[in-house]
Amino acid sequence: MKFHIITIFSDQLEKSLKYGVIGKALETNTIELNLIDPRKFSDNDYGSIDDKPYGGGPGMVMQCEPVLSSIEEAKEQAEKDTLTVFLTPQGEQFTQKHAQKFSKYKDIIIVSARYEGLDERIIQLTDNSMELSIGDYVLSGGEIPSAVIVDSVSRLIPGVLGDAESANKDSFSLGLLEHPHYTRPENVRGEIVPEVLLSGDHQAIEKWRIKKSLIKTFEKRPDLLDKIELSEDQKTLLNNYKKELKE
Ligand code: ADE
């Protein structure tokens, strides 16, 4: 999969993606980055691509032509009708569902805004586009959100994670938080590893993990449970836990 990213800070983005499994996926070309700097389409000798907002107010706004030309360049190198994502705090909230959907694409174009934001007409003039936010807070630019998208999408692309690290069990992959993990030693300052994990009984371990995953979600993110259909077994496990709490 190829991520076409429009950014004036390609260095920041490249550096944040060169580690671990994502770094390896880039080295082996399992995923590719096509970084486009809109400054090359600047209409002046300084390479600036921002200007004061009409109507006044603080900050600067990213100009239309350099960003639109960058998107056009990306589109020329991408599959027809490739999605363009604008990263802005005003966008729809990015979730694992978006990551799953994007991971099936051959290309995706991501626009990483800086300054106070983008001239609104850039969004209006771009076909097949959407605005996405990575959360209800404001960052100084779209590079970190872009890295978040590349990382979360890439994990779902076959060959990026080994079998041992399979993404199927990640938190949110089934709409639930992940069960707790433990490693050696068995006893840490009196806190011991749950016995079932030492039992070698794979069925019992799986059942324990499902139960813990449900309980963790119920306790920490009950809102997630409203968004999924639990199986009968899962409902029973959770109801038993709720009864235990009342006793
Ligand atoms: N740019 C600045 N803040 C952002 C956010 N929360 N999500 C996406 N892009 C952003």
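These numbers come from a predicted model, not from an experiment. In listed order, ligands and their atoms are each counted from 1.
Residues meeting the side chain to side chain contact (heavy atoms under 4.5 Å, CB included) test with Asp119, sequence neighbours left out: Val61, Cys64, Arg121, Ile122.
Residue-ligand proximity: Ile144 is placed with every non-hydrogen atom at 4.0 Å or more from ligand 1.
Between Phe102 and His98, the ring planes lie tilted relative to each other; the angle falls in the 30° to 60° range.
Here the heavy atom of the protein found nearest to atom 7 (N) of ligand 1 is Ile134 N, 3.0 Å. Looking from atom 3 (N) of ligand 1 to the surrounding protein, the closest heavy atom is Leu139 N, 3.0 Å. Annotation: atom 6 (N) of ligand 1 to nearest protein heavy atom, Tyr137 O, 2.8 Å.
Its side chain within the 4.5 Å cluster rule, Leu214 clusters with Leu176, Ile210, Ile215, Phe218, Leu225, Ile228, Leu230, Leu237, Leu238, Tyr241, Leu245 among the Ile, Leu, Val, Met, Phe, Trp and Tyr residues.
Minimum heavy-atom separation, Glu79 to Thr82: O-OG1, 2.5 Å. Nearest approach of Gly142 to Ser112, heavy atoms of both residues: C-OG, 2.8 Å.
Near Leu132, meaning under 4.0 Å from any of its heavy atoms, are these atoms of ligand 1: 8 (C). Ligand-side atoms of ligand 1 in range of Pro145: 8 (C), 9 (N), 10 (C), range being under 4.0 angstrom from any heavy atom.
Counting heavy atoms only, Gly141 comes closest to atom 1 (N) of ligand 1 of the residues Gly135, Gly141, Ser133, Ala113.
A side-chain donor-acceptor contact under 3.5 Å links Ser213 to the backbone of Leu177.
Taking a cutoff of 4.0 Å between a charged side-chain nitrogen and a carboxylate oxygen, Glu178 and Lys212 do not qualify as a salt bridge.
Residue Thr88 touches ligand 1 through its backbone alone, judged by heavy-atom distances below 4.0 Å.
Ligand 1 has no nitrogen or oxygen under 3.5 angstrom from a nitrogen or oxygen of Ser140.
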